[in-house]
Amino acid sequence: MTLLHLSYVSRLGPDTSMAELLDEIGHFRAKNLAAGISGCIAFEGDRIMQILEGPTASVNALFQTIRDDPRHVEVIELERKTIEAVSFRDWGMVRRPIADVVFLSQLT
Ligand SMILES: Cc1cc2nc3c(=O)[nH]c(=O)nc-3n(C[C@H](O)[C@H](O)[C@H](O)COP(=O)(O)O)c2cc1C
């Protein structure tokens with residue numbers, strides 16, 4: 001099984017508030033853990049950055065869903081690479097300051 005690391009940035013959609021998305025993070029975390037996916041997400045102003053790591057097929061499928069989600073726009077894939085091991089095994093999906101997410105994306 002190959003593992004994929006994928007990062008992207010996007011911008012909050014005009015009809016969505018950051019609070020709405022923050023309310024969903026627990027739901028994202030539970031779904032990601034069930035799918036063997038982990039990562040982290042940052043919100044700053046209307047800017048979003050997220051890292052997803054896990055089995056390649058699962059990360060690709062989730063990213064396709066996320067990319068088409070109208071709650072954010074201008075989704076730009078930053079990096080997609082095969083990794084030996086995931087960095088955030090038990091995290092599911094946690095919120096971090098944007099600088100940490102940029103830093104963590106460079107560690108793997
Ligand atoms: C910025 C952003 C990040 C998201 N991150 C995740 C995520 O990590 N995991 C996840 O399952 N859904 C995530 N979603 C939501 C998905 O696009 C989709 O709405 C959700 O997976 C559908 O699941 P549900 O039918 O259980 O609500 C994200 C959405 C946005 C806008």
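Small disclaimer: the values here were computed from a predicted structure and weren't measured. Whatever order the structure lists them in is the order used to number ligands and atoms, beginning at 1.
Pairs passing the salt bridge (Lys or Arg N to Asp or Glu O under 4.0 Å) check and including a residue from residues 1-23, sequence neighbours excluded, read R11-D46, R11-E74.
Shown in contact with M93 at under 4.0 Å from a heavy atom are these atoms of ligand 1, numbered in order with element: 8 (O). Residue contact check: L62 has heavy atoms under 4.0 Å from atoms 9 (N), 10 (C), 11 (O), 12 (N) of ligand 1. For ligand 1, the atoms closer than 4.0 angstrom to any heavy atom of R71 are 15 (C), 19 (O).
Nearest protein heavy-atom contact of atom 5 (N) of ligand 1 is Q50 NE2, 3.2 Å. The protein atom (non-hydrogen) at minimum distance from atom 2 (C) of ligand 1 is Y8 OH, 3.8 Å. Protein heavy atom closest to atom 27 (O) of ligand 1, with residue, atom name and distance, is H27 NE2, 3.3 Å. For atom 23 (O) of ligand 1, the closest non-hydrogen atom of the protein is K31 NZ, 2.7 Å. Summary of contacts: the protein heavy atom closest to atom 28 (C) of ligand 1 is F28 CZ, 3.3 Å.
Taking each of D69, N32, I41, I66 in turn, the one with a heavy atom nearest to atom 6 (C) of ligand 1 proves to be I66.
Side-chain atoms of R80 do not come within 3.5 Å of backbone N or O of S7 as any donor-acceptor pair.
Under the rule for a side chain to side chain contact (heavy atoms under 4.5 Å, CB included), the partners of E24 that lie at least two apart in sequence or sit in another chain are H27, F28, R71.
With hydrogens and angles left out, the side-chain atoms of T56 and T2 include a donor and acceptor closer than 3.5 Å.
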